[in-house]
Amino acid sequence: MGNHSTVSTFLLWGFSSFSGLQDLLFVMVFFSHVTILAANTSIMVSVKLSHNLHTPMYFFLCGLSFSETCTTVVVIPRMLVDLLSDSKSISIPECATQMFFFFGLGTNNCFILAAMSYDRYTAIHNPLHYSILMTHKICFQLMMASCITGVVVSLCIVLIVFSLSFCDSSIIQHFFCDITPVVSLACDYTIFQKMVLLAFTVFVLVGSFILIMISYVFIGSIVMKMPSAKGRYKAFSTCSSHLTVVCIHYGFAGFVYLRPKNSDSFREDMLMAVTYTVLTPLLNPVVYSLKNKAMQTALKKVLDNICRFSP
């Protein structure tokens with residue numbers, strides 16, 4: 001990467017300031033991680049096994065669940081090890097790999113949410129032609145476009161960050177290799193590189209959010225023209241789960257990555273990032289399960305089958 005660093009390893013120092021709470025944090029994060037894996041796996045298995053869920057909306061939901069599960073796997077296992085370990089070192093290649101997968105999957109999540117909003121718009125605007133407009137091929141293409149965008153954006157970010165020289169402190173004030181805590185250690189970080197990284201962040205978060213809002217503006221205009229209150233309620237109810245997830249996802253991500261940064265904000269950002277990396281993937285399957293009767297029925301069938309075959 002053209003790196004001329006004198007530093008060969010970093011220290012992930014995020015939770016070291018909470019020395020008295022590390023055992024408690026380990027238990028909380030561990031059980032949250034197990035719950036995330038179980039909940040998202042249940043969503044994916046339910047969609048796979050229930051033929052009535054073989055629709056574009058659930059195809060995207062399955063992809064989102066898989067992507068968010070992978071995002072937590074990139075960060076949380078390492079976090080758990082560091083909570084119990086005195087050595088919190090991570091090599092530069094490991095740090096770059098973690099950053100690549102975290103931001104690649106995070107970008108993928110954003111554009112899957114944008115694809116889901118387009119799917120809801122198509123379902124409400126053209127219900128009679130929905131199956132023609134949202135074919136398996138188109139859904140797969142949208143999913144692949146999200147994935148490729150994630151890879152390209154993340155690769156650009158990692159190349160910029162790790163082309164810097166790290167010649168001062170090696171202590172990352174975070175529990176994973178996030179952009180701002182890493183670049184703050186560089187001794188040749190310029191305003192131009194800062195603007196380029198900000199541009200990528202804005203492209204991902206603001207760009208995908210604008211796409212979502214455009215879909216919902218059109219959805220709102222269509223729904224308002226519906227003659228019956230029952231029809232309006234039914235149309236909005238099909239979007240409620242997605243809107244809830246969008247608010248959670250962009251609320252936390254926007255707070256962490258779009259607000260102005262300074263050295264005093266690292267601790268606050270780290271605590272918010274715990275919520276973003278642990279709570280958001282946990283809430284998404286809960287939201288879709290609570291607000292979706294078809295998903296509730298499918299999950300119940302899966303759980304019944306598990307109970308039937310368990311000793």
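Owing to the predicted nature of the structure, the values given are computational and were not obtained by experimental measurement. Computation of the quantities below employed the complete heavy-atom set of this structure, encompassing side-chain atoms and omitting hydrogens, waters and symmetry-equivalent molecules.
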Just so I know, are the side chains of Phe203 and Thr107 near enough to count as touching, which here means a heavy-atom distance under 4.5 Å?
no

For a 4.5 angstrom cut-off between non-hydrogen side-chain atoms, does Thr280 reach Thr275?
no

Heavy atoms of Leu12 and Phe175 approach each other most closely as CD1-O, 3.9 Å

Quick one: CD1 on Ile179 to CZ on Phe103, what's the gap to the nearest 0.5 Å?
3.5 Å

Considering only heavy atoms from C-beta outward, does the side chain of Thr72 approach that of Thr277 to under 4.5 Å?
no

From Ser154, Cys147, Cys70, residue fulfilling side chain to side chain contact (heavy atoms under 4.5 Å, CB included) relative to Asn108:
Cys147

Test side-chain hydrogen bond (donor to acceptor under 3.5 Å, both in side chains) on Tyr121 and Asn126 and set out the steps.
CA-CA 8 Å; Tyr121 162 71; Asn126 288 301; 5.7 Å; no

For Tyr257 and Tyr276, take the angle between the two ring planes, folded into 0 to 90°, and tell me which bin it lands in: parallel under 30, tilted 30 to 60, perpendicular over 60.
perpendicular

Closest non-hydrogen contact found for Asn40 with Pro281 is ND2-O, 3.3 Å

Considering only heavy atoms from C-beta outward, does the side chain of Phe166 approach that of Val182 to under 4.5 Å?
yes

Shortest non-hydrogen pair, Pro181 vs Ile172, comes out as CB-CG2, 3.7 Å

Is there a chain of hydrophobic side chains (I, L, V, M, F, W, Y, each step under 4.5 Å between heavy atoms) that links Leu198 to Phe162?
yes

His242 vs Ile212 side-chain heavy atoms within contact, under 4.5 Å:
yes

How many angstroms lie between atom CG of Leu282 and atom CD of Glu68, to the nearest 0.5 angstrom?
10.5 Å

Can you tell me how far the CD1 atom of Ile219 sits from the CG atom of Leu243, to the nearest 0.5 Å?
7.5 Å

Scanning both residues in full, the closest heavy-atom pair of Ala38 with Ser42 reads O-OG, 2.7 Å

Around atom CZ of Phe66, are there more than 12 heavy atoms of other residues, nucleotides or ligands at under 6.0 Å?
no

Give a yes or no answer on whether the side chain of His54 reaches the backbone of Lys48 with a donor-acceptor pair at less than 3.5 Å.
yes

Of all heavy-atom pairs between Met57 and Met116, which one has the smallest distance, and what is that distance?
O-CE, 4.3 Å

Can you find a heavy atom in the side chain of Met134 that is under 4.5 Å from one in the side chain of Phe59?
no

What is the minimum heavy-atom distance between Ala115 and Phe60, and which atoms define it?
CB-CE2, 3.9 Å

Tyr118 atom OH, over 12 foreign heavy atoms within 6.0 Å
no

Can you measure from CG (Leu113) to OG (Ser208) and round to the nearest 0.5 angstrom?
7.5 Å

Please report the interatomic distance OG(Ser67) to CE(Met143), rounded to the nearest 0.5 Å.
8.5 Å

Determine the sole option in Leu83, Leu80, Leu25 for which the side chain to side chain contact (heavy atoms under 4.5 Å, CB included) test with Phe30 is passed.
Leu80

What's the verdict on side chain to side chain contact (heavy atoms under 4.5 Å, CB included) for Asp23 and Val27, showing C-alpha distance, side-chain angles and the deciding distance?
CA-CA 6 Å; Asp23 290 340; Val27 172; 5.8 Å; no

In sequence, state the C-alpha distance, the side-chain angles, and the governing distance for Ile171 and Phe10, and then conclude on side chain to side chain contact (heavy atoms under 4.5 Å, CB included).
CA-CA 6 Å; Ile171 298 175; Phe10 293 127; over 6 Å; no

Count I, L, V, M, F, W, Y as connected when their side-chain heavy atoms are under 4.5 Å apart, and connections chain through other members. Are Met144 and Leu105 then in the same cluster?
no

Cluster check Phe255, Leu197: I/L/V/M/F/W/Y, side chain < 4.5 angstrom:
yes

Any donor-acceptor pair under 3.5 Å from Lys88 side chain to Asp82 backbone:
yes

In sequence, state the C-alpha distance, the side-chain angles, and the governing distance for Val246 and Phe209, and then conclude on side chain to side chain contact (heavy atoms under 4.5 Å, CB included).
CA-CA 8 Å; Val246 166; Phe209 186 73; 4.2 Å; yes

State plainly whether one hydrophobic cluster holds both Phe218 and Leu133, where clusters connect Ile, Leu, Val, Met, Phe, Trp and Tyr through side-chain heavy atoms under 4.5 angstrom apart.
no

Within the structure provided, determine whether Val278 and Met28 are in side-chain contact (heavy-atom separation under 4.5 Å).
no

Side chain to side chain contact (heavy atoms under 4.5 Å, CB included) between Met195 and Thr190, worked out:
CA-CA 9 Å; Met195 289 298 103; Thr190 65; over 6 Å; no

Mind checking whether Phe176 and Gln98 have side chains closer than 4.5 Å, heavy atoms only?
yes

Linking I/L/V/M/F/W/Y whenever any side-chain heavy atoms sit under 4.5 Å apart, do Ile112 and Ile148 land together?
no

One should read off an interatomic distance between Phe236 CZ and Arg120 CZ, to the nearest 0.5 angstrom, of 13.5 Å

